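Encoded as structure tokens, the structure appears first; notes follow it.
Note that this is a predicted model, so its numbers are computed, not measured.
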Amino acid sequence: TCPTSNPSVITAEGLTLTGDFSTLYRSSDYIRRVNGELNFNDVNSEFCVQTTTQAISPGDEVTISVDLRRSYGYMEPDDYIRVYSIINGVETLEKEYAGQISASMQTFSKSGINANTIAIKVCVKCGNGQNGIGGIDGPLEQFAIGDMKIIVTPQLPTYTFYDANPVPG
């Protein structure tokens, strides 16, 4: 179990966690690493986790992927997980998963990316609504992020093949 209000939850992994930690005001409000997943439980505001920016060689092709799920609870329509790509410094919303998403792990993936630099940012908001224990915001809204991957496929070299005698005639 990791600290409930400390960005060092994931900085050792080369990731950056940002958000308003003052919204984690109950013991049931937390961000923890559990069984390899990063769990956001009733965090009450938006928190984002971002990979480091990776330099990409010219011609190489990139695939980004994020494994995510609703790991517990009853989500409200304004609860979400948003997946962003940051390609050459430009942040783009790639996909939003809102409300009652599947409790089974699902994967967002985008391939065929050509870039000089790339990073992934995933933002999560859950909680601060009307559902939960006793009709108030409670420990029933939990999203989880599994792997965040940047996969680089190097450009293959080009070869010219000749027969045994490259001189015509």
Side-chain angles (χ1 to χ4, degrees), residues 1-24 29-71 75 77-99 101-128 141-161:
T1 302
C2 296
T4 60
S5 59
N6 187 335
S8 69
V9 168
I10 61 168
T11 53
E13 300 172 30
L15 302 171
T16 303
L17 178 65
T18 58
D20 181 1
F21 288 92
S22 70
T23 64
L24 305 177
D29 302 344
Y30 60 79
I31 301 167
R32 291 185 183 144
R33 178 68 73 185
V34 178
N35 297 324
E37 296 177 346
L38 191 59
N39 285 271
F40 295 80
N41 194 78
D42 199 29
V43 293
N44 305 310
S45 66
E46 183 179 80
F47 282 84
C48 297
V49 59
Q50 183 174 323
T51 65
T52 57
T53 300
Q54 292 191 18
I56 307 299
S57 297
D60 289 356
E61 210 169 85
V62 178
T63 298
I64 58 173
S65 70
V66 178
D67 296 335
L68 51 91
R69 69 187 182 101
R70 172 180 54 87
S71 53
M75 300 307 185
D78 63 340
D79 293 337
Y80 59 79
I81 298 177
R82 293 179 179 154
V83 178
Y84 296 86
S85 64
I86 305 172
I87 299 172
N88 299 330
V90 178
E91 184 176 300
T92 303
L93 175 62
E94 297 290 350
K95 176 94 177 182
E96 179 175 306
Y97 299 83
I101 69 170
S102 176
S104 299
M105 192 61 75
Q106 51 198 302
T107 301
F108 164 81
S109 182
K110 181 177 180 178
S111 59
I113 301 168
N114 295 104
N116 297 319
T117 61
I118 192 159
I120 303 170
K121 180 170 129 180
V122 179
C123 296
V124 174
K125 183 210 168 270
C126 58
N128 211 24
E141 300 170 82
Q142 187 177 95
F143 283 133
I145 300 172
D147 287 331
M148 295 173 63
K149 296 179 187 172
I150 298 173
I151 303 162
V152 179
T153 304
Q155 179 182 22
L156 296 175
T158 303
Y159 297 99
T160 304
F161 293 94

Inset, instruction - List the steps, then state whether salt bridge (Lys or Arg N to Asp or Glu O under 4.0 Å) holds for Lys125 with Glu46. - result: CA-CA 5 Å; Lys125 183 210 168 270; Glu46 183 179 80; over 6 Å; no
Inset, instruction - Mind running side chain to side chain contact (heavy atoms under 4.5 Å, CB included) on Ile31 and Val43 for me, showing each step along the way? - result: CA-CA 8 Å; Ile31 301 167; Val43 293; 3.8 Å; yes
Inset, instruction - Mind running side chain to side chain contact (heavy atoms under 4.5 Å, CB included) on Leu24 and Phe47 for me, showing each step along the way? - result: CA-CA 11 Å; Leu24 305 177; Phe47 282 84; 4.1 Å; yes
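Counting heavy atoms from C-beta on, the side chains of Leu68 and Val83 come closer than 4.5 Å.
Under the 6.0 Å cut-off for aromatic ring centres, Phe143 and Tyr80 do not qualify, their centroids lying 6.0 Å or more apart.
Judged by distance alone, the side chain of Asp147 and the main-chain N or O of Val66 form no donor-acceptor pair under 3.5 Å. Looking only at distances, a side-chain donor or acceptor of Thr51 sits under 3.5 Å from a matching main-chain atom of Ile120.
In this structure, Cys48 and Lys121 approach most closely via the heavy-atom pair SG-CE, 3.9 Å. The minimum heavy-atom distance between Arg69 and Ser104, with the atom names listed, is CB-O, 3.5 Å. Between Ile56 and Ala115, the closest heavy-atom pair is CB-O, 3.2 Å. Closest non-hydrogen pair, Ser45 versus Asp20, comes out as OG-O, 3.9 Å.
Atoms CG and CD1, from Asp60 and Ile151 in turn, are 13.5 Å apart once rounded to the nearest 0.5 Å. For the atom pair CG (Asn88) and CG (Asn116), the distance works out to 4.5 Å, reported to the nearest 0.5 Å. For the atom pair Gln142 CD and Glu37 CD, the distance stands at 8.5 Å (nearest 0.5 Å). Thr52 OG1 to Leu15 CG: the interatomic distance, rounded to the nearest 0.5 Å, is 7.5 Å. Atoms CD1 and CD, from Ile86 and Gln54 in turn, are 12.0 Å apart once rounded to the nearest 0.5 Å. Summarising the geometry, atom SG belonging to Cys126 is positioned 8.0 Å from atom CG belonging to Asn44; distances are rounded to the nearest 0.5 Å.
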